Structure formats: C-alpha cells, structure tokens
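Just so it is clear, the structure is predicted and the values come from calculations on it, not from any experiment.
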Amino acid sequence: MARITLENISHTYDPPSVPEHRRTYAVSGLSICWEDGSSNALLGPSGCGKTTILNIISGLQQPSQGKVLIDDQEVTSYSPSKRRIAQVFQFPVVYDSMNVYDNLAFPLRNQGMPEKDVRRKVTEIAEILELEDYLSNPPAKLNAAEKQKISLGRGIVREDTTAVLLDEPLTVIDPKLKGSMRRKLKEVQKNLQKTMIYVTHDQHEALTFADDVTIVKDGWLVQKGSPEELHSQPASPFIGYFIGSPGMNILDCSLRDSRLEFKNFSLVLSQELASRLQNIGSSFQLGIRPEFIKVQASAGENSVPFQVQVIENTGAYWIVTYIRESTRIKARVPESMPVAEGQEHHLLFPEDRINIFYQDQRVV
C-alpha cells in the first residue's frame, strides 16, 4: 500500500526546442495527494490529461516539471518496476499462450517465489476475483470482463504492489457486465486496502467506485472531494454541470438590493444572503440541481411561472425542460404529477439548495 503525492507536476509533449511561451501543456501545476489504502477516481472529459497523469505516477512518463512521491519518498526518476505500481489498461492485457492460472502466476514466478507459495497466492486472488472455475481455461474462451479480471489479478497478486492504477478499465466491457465489474473492483479495493486510482470520463463510474474524486479539466485540477461534496458544493459551474444527470442548471444573474435579477425573472433573497453577496460583487451565476427545484401547479411566494417545453420519462420520474422566454431550466418532477407540453407550472428555488458562483468560483 502507498500514499501517492504529486508536487507541482507539469508536462508538455513539445520538444525542448519549442519556446516556453509557445508550449502546450497536457498537465499544469498539479499538486495532489492520494492517501494510503484509499479508493480514488481521476475524472474529467476526454483529452484533459488523465492518462498522462496516470503514466507519470506509474513511471511510464517522466514529467517536464515537478515531483512524484510514494510514501513521502521521491520516485520521480524511478523506473516503473522500482515503483511497484500495477496498471490496468482500457483493453485487457493477457498472455494467450498461458491459461488463467499461469497468467496470474507469472508475476510471482518472475520474482522467484516457491511454487507452493505461488499456488496459495493464485488461489487466493482467483477466489477474490471469482476466477476459480476458469483457472485451467485459455483466455481466448473468456469474455472481456473476465479477461480484465485477469489483468487486475496480475496487478494485485504481488504482495509488494504499492498501488493499482485503472485506466478506463470498463471501456470494452459489455454494458450488462459493467455494473457487476465495477462492484467487484470496489470490493477488491475494500478487501485488500490497496491504494487505487480509477481513471474515467464517466461520472457515474467515478462516483460509484471512489470515496474521493479528483476532477481535472485541460490539465488543471479543478476540485477534489467526496462524491457528496462534488454534488452539493461544486467549486465551479463546470463541476456543477459536469457532475449529475442531468447537470446543474446554471443561470447568469445580478444582485439588486435584496433580489437576484435574471433575464426574465427575479428572486427575493434573505437579508443574510443578500448582505453576504453585496460584500463580494454584483454579477453572479446561480446553480441549482434539477432535483432541488420545487414544482407546483399554482403560484406561491417567490415562485416563478415557467412553461413545459420537453418531457423525458425515466420511469420513476419526469425530467422536464421548462422555458420562460429565452431561459431554459430542467427540473425533476414526480411521475404522479400531471405534466403536458405547453402547461404552466410554478417553480421555487429553495435558498438552502442553491449555489452562487462569482468569477467561476463558488461563494455560497
């Protein structure tokens, strides 16, 4: 197990001959710490630098700047083998010339472990990964999820493995098997207490696997926290919209006395919140998640009339897109509530459920 720390990591793939001011950085000024024995996700849109970060941690890539530490020891110049970090890639890596047992045994035999100890360890890992019935099978007869388990097994079978890096490990897995495979990965992490970092662009995979999620965008760290923190207290509008399905509603607004003024309506604020915002500025963005908007058929205090534009039936509830002139908002509506296109509903924005952003940073 290991505590992994990145200190001011930056990386460019441009050659040294390119002047500094013209270089493009895949990763910029990253300082992150993943605690020993923790389950983590590295989340962000495609091309944001996730795989570069993973390769820097494992030693496959040397950073242009900064330090990599494992258990507070600098390993920036260490080879991958010396770091003892296992990496599981998007596509399962298996040795087709060996059966499942020999695939799992290969790293141990490479270390010169006695065969009786190899047998004990392979049996233990096969039971954890539910591969006991396949040990004599060639990998060609297995599905992608089972092959990915072999890749993971080779990474965790060595007792000296410090951490496991998972680079989009469910990419080629059948959608029907993804849920069970993700649960198995989480179970393995909990049982073995190995530091794991799961890289994905899929927020659902990240939030259901990890206890701690790091979000990167364009090579920069934008927020690190628990799934609950990212959902309820996003550091920026980007995270508010990126996390959640559908994402957070983000609306431009300005403060006028004790009111937030939007393009087509206004909201009355409590005196306490208005005073806080007056000390910050005048132009803001309001964020509220669709599930926190209260929808009612008749007008109420501080409610705003909107018209139903689009109805999406999820089975358990409606996701309704409302429109008021040029303003569009999504809200989650109980299936029991009558909804029809063109119908008018009154929306409430509970003050304890809103987020206020100033210059792309959350202030409330």
Audit row: Arg120, Thr123, side-chain contact (heavy atoms from CB on, under 4.5 Å) steps and yes/no | CA-CA 5 Å; Arg120 172 187 58 79; Thr123 301; 6.0 Å; no
Under 4.5 Å between side-chain heavy atoms, counting indirect links through other Ile/Leu/Val/Met/Phe/Trp/Tyr residues: same cluster for Leu60 and Trp34 or not?
no
For Phe306 and Ile329 the tightest heavy-atom approach is CZ-CD1, 3.5 Å
### Message
Taking the side chain as everything from C-beta on, heavy atoms only, tell me whether Lys294 gets closer than 4.5 Å to Pro350.
### Response
yes
message = Apply side-chain contact (heavy atoms from CB on, under 4.5 Å) to residues Leu286 and Ile356 and explain how you reach the verdict.
response = CA-CA 5 Å; Leu286 177 142; Ile356 305 292; 4.1 Å; yes
Worksheet item: Are the charged groups of Lys149 and Glu146 less than 4.0 angstrom apart, N to O?
Response: no
Nearest heavy-atom approach of Val157 to Arg154 is CG1-O, 3.5 Å
key: Lys/Arg N to Asp/Glu carboxylate O, Glu187 vs Lys190, below 4.0 Å   = no
Assess, by modelled atom type and distance only, whether the side chains of Asn40 and Ser38 contain a donor and an acceptor separated by less than 3.5 Å.
yes
Do Lys82 and Val75 come within less than 4.5 Å of each other through their side chains, counting heavy atoms only?
no
Notebook entry, point to check: Is the charged tip of Arg332 near the ring of Tyr317: under 6.0 Å from the six-membered ring centre and within 45° of its axis?
Noted result: yes
So the salt bridge (charged side-chain N to carboxylate O under 4.0 Å, His left out) pairs with at least one residue in residues 307-327 (sequence neighbours excluded) are Glu312-Lys330
request  = Indicate yes or no: at least one non-hydrogen side-chain atom of Asp36 is less than 4.5 angstrom from one of Thr195.
outcome  = yes
- Could you walk me through whether Asp71 and Gln73 pass the side-chain contact (heavy atoms from CB on, under 4.5 Å) test, one step at a time? CA-CA 6 Å; Asp71 289 334; Gln73 178 183 357; 5.7 Å; no
*asked:* For the NZ atom on Lys178, are there more than 12 heavy atoms of other groups (residues, nucleotides or ligands in this structure) within a distance under 6.0 Å?
replied: yes
Distance col, row Leu165:CG vs Ile197:CD1, nearest 0.5 angstrom, shows 5.5 Å
Looking at Glu229 and Lys224, is there a salt bridge between them, counting it only when a charged N and a carboxylate O are closer than 4.0 Å?
no
Closest heavy-atom pair, Thr200 versus Glu205, reported as atoms and distance to 0.1 Å, is OG1-OE1, 3.3 Å
Grouping ILVMFWY residues whenever side-chain heavy atoms fall under 4.5 Å, the cluster of Met248 otherwise contains Ile250, Phe357
Residues at least two apart in sequence or cross-chain that pass side chain to side chain donor-acceptor pair (under 3.5 Å) with Gln285, listed by chain then number, are Asp252
CZ of Arg84 to OG of Ser58, rounded to nearest 0.5 Å, is 14.5 Å
inquiry  = Between Arg119 (side chain only) and Ala105 (backbone N and O only), is there a donor and an acceptor less than 3.5 Å apart?
reply    = no
By side-chain contact (heavy atoms from CB on, under 4.5 Å), Ser270 pairs with (sequence neighbours left out) Glu272, Leu273, Glu351
**Prompt:** Is Ile9 close to Ile53 at the side-chain level, that is, under 4.5 Å between some pair of heavy atoms?
**Reply:** no
One should read off an interatomic distance between Ile150 CD1 and Leu135 CG, to the nearest 0.5 angstrom, of 9.0 Å
Pro92 meets the side-chain contact (heavy atoms from CB on, under 4.5 Å) criterion, sequence neighbours left out, with Lys147, Gln148, Ser151, Val172
In short, His345 meets Ala297 closest at the heavy-atom pair CD2-CA, 4.5 Å
Taking Leu142 as the starting point, is it possible to reach Val122 by hopping between hydrophobic residues whose side chains are less than 4.5 Å apart? yes
- prompt: Just checking, any donor-acceptor pair under 3.5 angstrom between side chains of Ser266 and Arg259?
  reply: yes
Going by chain and number, the hydrophobic cluster around Ile239 (ILVMFWY, side chain to side chain under 4.5 Å) further includes Leu43, Leu207, Val213, Ile215, Val222, Leu230, Phe238, Phe242, Ile243
Checklist entry - Between Asp14 and Arg22, is there a side-chain N and carboxylate O pair less than 4.0 Å apart? => result no
Task: More than 12 heavy atoms of other groups within 6.0 Å of Tyr241 OH - done: no
*asked:* Counting C-beta onward and ignoring hydrogens, is there a side-chain heavy-atom pair between Arg83 and Val68 closer than 4.5 Å?
replied: yes
* Asked: Going by atom types alone, do Thr327 and Asn264 pair a side-chain donor with an acceptor below 3.5 Å?
  -> yes
Please determine whether side-chain hydrogen bond (donor to acceptor under 3.5 Å, both in side chains) holds for the pair Ser39 and Asp211, giving the CA-CA distance in whole Å, both sets of side-chain angles, and the decisive distance to 0.1 Å. CA-CA 6 Å; Ser39 64; Asp211 295 326; 3.1 Å; yes
* Does any non-hydrogen side-chain atom of Asn249 lie less than 4.5 Å from one of Pro290? -> yes
Here the gap from Phe284 atom CZ to Leu260 atom CG, rounded to the nearest 0.5 Å, amounts to 8.0 Å
- request: Give the cluster check for Phe262 versus Leu269: same hydrophobic cluster or not, with ILVMFWY residues linked at side-chain heavy-atom distances below 4.5 Å.
  value: yes
Residue pairs passing the salt bridge (charged side-chain N to carboxylate O under 4.0 Å, His left out) test with at least one member in residues 355-364, sequence neighbours excluded, are none
By side-chain contact (heavy atoms from CB on, under 4.5 Å), Asn302 pairs with (sequence neighbours left out) Leu267, Val268
Review point. How about Val333 and Tyr322: do any of their side-chain heavy atoms sit closer than 4.5 Å?
Key: yes
Side chain to side chain donor-acceptor pair (under 3.5 Å) filter on Gln296, not counting sequence neighbours, yields none
Between Val199 and Pro169, the two heavy atoms sitting closest are O-CD, 4.0 Å
Trace of the side-chain contact (heavy atoms from CB on, under 4.5 Å) decision for Ile311 with Glu341:
CA-CA 7 Å; Ile311 304 167; Glu341 290 184 14; 4.1 Å; yes
- Task: Treat each ILVMFWY residue as a node, draw an edge where side-chain heavy atoms are under 4.5 Å apart, and state whether Val364 and Ile293 are in one component.
- Result: yes
Distance col, row Asp174:CG vs Met181:CE, nearest 0.5 angstrom, shows 13.0 Å
Side chain to side chain donor-acceptor pair (under 3.5 Å) filter on Ser10, not counting sequence neighbours, yields none
Should Val295 and Leu347 count as side-chain neighbours, where that means a heavy-atom distance under 4.5 Å? yes
The side chain to side chain donor-acceptor pair (under 3.5 Å) partners of Glu291 (sequence neighbours excluded) come to His231
Residues Arg3 and Asp72: closest non-hydrogen pair is NH1-OD1, 2.8 Å
**Asked** Is Leu192 reachable from Leu104 through a run of I, L, V, M, F, W or Y residues, each pair having side-chain heavy atoms under 4.5 Å apart?
**Response** yes
One should read off an interatomic distance between Asp257 CG and Gln271 CD, to the nearest 0.5 angstrom, of 9.5 Å
Applying salt bridge (charged side-chain N to carboxylate O under 4.0 Å, His left out) to Glu132 and not counting sequence neighbours gives none
